[in-house]
Amino acid sequence: MAHRVAMTTHIQTAPALYAHAIAVEREAVARYSEFAERMADLGNEAAAEVFATLARLETEHLETLLGRTAGMALPALGGEEYAWLDRAAPETAARELVFRLMTPRHALEIALAGEKRAAAFFESVIITADDAMLRALAREMAADEGDHIVMLEKLLETTPSPIVDWASVYEKEQA
């Protein structure tokens with residue numbers, strides 16, 4: 001699985017941590033923007049606004065990271081290990097099917113899984129890094145992801161499940 005690659009990466013320098021954090025934020029910006037567009041296409045403006053807001057928050061984090069690393073030599077990363085969805089072209093049938101069937105709840109669940117993987121990565125750096133300053137930086141990044149996790153969990157609590165328990169519906173009709 002893709003997130004295992006990120007979890008086993010042993011980070012020991014600030015440039016390496018920043019490179020991974022930038023990859024995490026770029027993926028989040030791209031997915032939240034894509035989810036906002038899809039929800040708008042479905043006519044769900046409330047969900048579209050939630051994802052657009054999340055995209056803006058992630059963009060701010062990305063810009064902060066890019067500002068902090070201006071002039072710093074960062075290792076090149078592909079970013080595939082942080083992908084929330086597969087890396088297939090947007091025109092592929094499987095990807096199109098995911099977006100065609102996606103509900104606001106599904107999008108929130110995908111986002112939550114991505115944020116949890118990112119938090120777990122930063123937490124692994126806190127545990128494995130030798131340098132105290134690097135651990136502090138990873139702790140800051142993990143906290144940001146933790147804030148997103150809390151927000152997404154709260155949104156999920158209030159977002160109805162698209163799965164209908166037809167047996168209970170039928171039972172109520174029979175009563």
Side-chain angles (χ1 to χ4, degrees), residues 1-38 50-90 94-95 98-99 102 104-159:
M1 299 211 94
H3 66 278
R4 287 191 195 141
V5 174
M7 291 295 295
T8 60
T9 303
H10 192 66
I11 305 296
Q12 288 299 322
T13 67
L17 181 57
Y18 277 122
H20 285 271
I22 288 168
V24 165
E25 297 300 335
R26 282 188 173 136
E27 177 65 16
V29 169
R31 276 335 108 230
Y32 283 136
S33 297
E34 197 170 29
F35 293 169
E37 184 179 325
R38 179 63 182 146
V50 165
F51 288 112
T53 298
L54 289 165
R56 282 191 299 276
L57 290 172
E58 295 290 5
T59 299
E60 290 171 10
H61 290 164
L62 178 58
E63 289 171 354
T64 298
L65 290 170
L66 292 172
R68 286 183 183 179
T69 59
M72 186 184 292
L74 301 177
L77 298 177
E80 294 82 22
E81 63 258 39
Y82 302 108
W84 290 6
L85 301 171
D86 67 28
R87 286 292 187 194
R95 186 176 175 91
V98 166
F99 278 90
M102 184 179 291
R105 183 167 188 87
H106 292 138
L108 288 168
E109 289 169 345
I110 291 168
L112 180 60
E115 297 285 0
K116 284 183 173 182
R117 281 192 306 273
F121 169 74
F122 294 124
E123 289 164 4
S124 75
V125 175
I126 295 166
I127 293 167
T128 61
D130 296 328
D131 182 69
M133 294 298 285
L134 190 61
R135 288 192 304 272
L137 184 58
R139 194 171 287 109
E140 174 189 333
M141 293 174 180
D144 285 342
E145 301 306 327
D147 292 344
H148 300 164
I149 289 167
V150 169
M151 182 186 318
L152 289 165
E153 287 174 340
K154 286 180 181 177
L155 287 166
L156 275 165
E157 288 174 7
T158 61
T159 303

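Note that the structure is predicted; figures quoted are calculated from it, not measured.
Using cut-offs of 30° and 60° for the angle between ring planes, the Phe35 and Phe51 rings count as perpendicular.
Here Arg68 pairs with Glu140 under the salt bridge (Lys or Arg N to Asp or Glu O under 4.0 Å) rule; sequence neighbours left out. Listed by chain and number, the residues in a side chain to side chain contact (heavy atoms under 4.5 Å, CB included) with Met72 are Pro15, Tyr18, Thr69, Leu74 (sequence neighbours excluded). Take Phe122 and apply the ring-ring contact (aromatic ring centres under 6.0 Å, His included) test, not counting sequence neighbours, and it matches no residue.
Between the CG atom in Leu152 and the CD1 atom in Ile110 there is a gap of 11.5 Å [rounded to 0.5 Å]. The CG atom of Leu77 sits 4.5 Å away from atom NE2 of His20, with the distance rounded to the nearest 0.5 Å. To the nearest 0.5 Å, atom OG1 of residue Thr159 and atom CG of residue Leu108 are 5.0 Å apart. Lys116 contributes atom NZ, which lies 11.0 Å from atom CD of Glu123 (distance to the nearest 0.5 angstrom).
Nearest heavy atoms, Gln12 versus Leu134: C-CD2, 3.4 Å. Leu17 and Met141 get closest at one heavy-atom pair: CG-SD, 3.9 Å. Here the closest non-hydrogen pair linking Ala118 and Val24 is CB-CG1, 3.6 Å. Residues Val29 and Ala55 share a closest heavy-atom pair of CG2-O, 4.1 Å. Of all heavy-atom pairs spanning Pro75 and Ala16, the tightest one is CG-CA, 3.8 Å.
Using a 3.5 Å distance cut-off with no hydrogens or angles, the side chains of Arg56 and Thr53 do pair a donor with an acceptor.
Using a 4.5 Å heavy-atom cutoff, the side chains of Lys154 and Thr158 are not in contact. A heavy-atom distance below 4.5 Å is found between the side chains of Met151 and Leu54.
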Checklist line | Evaluation steps, side chain to side chain contact (heavy atoms under 4.5 Å, CB included), between Leu66 and Ile22 | finding: CA-CA 7 Å; Leu66 292 172; Ile22 288 168; 3.8 Å; yes
Notebook entry, point to check: Would Ile149 and Glu153 satisfy side chain to side chain contact (heavy atoms under 4.5 Å, CB included), going step by step from the backbone distance to the final call?
Noted result: CA-CA 6 Å; Ile149 289 167; Glu153 287 174 340; 3.6 Å; yes
Next item on the list: Evaluate the criterion side chain to side chain contact (heavy atoms under 4.5 Å, CB included) for residue pair Tyr32 and Thr59; output intermediate values, then yes/no.
Entry: CA-CA 10 Å; Tyr32 283 136; Thr59 299; over 6 Å; no
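Although no hydrogens or angles enter the test, the distance criterion places a donor-acceptor pair under 3.5 Å between the side chain of Arg135 and the main chain of Asp130.
Considering Arg31, Glu27, Arg26, His148 in turn, His148 is the only one that fulfils the side chain to side chain contact (heavy atoms under 4.5 Å, CB included) rule with Glu58.
Taking a cutoff of 4.0 Å between a charged side-chain nitrogen and a carboxylate oxygen, Arg38 and Glu34 do not qualify as a salt bridge.
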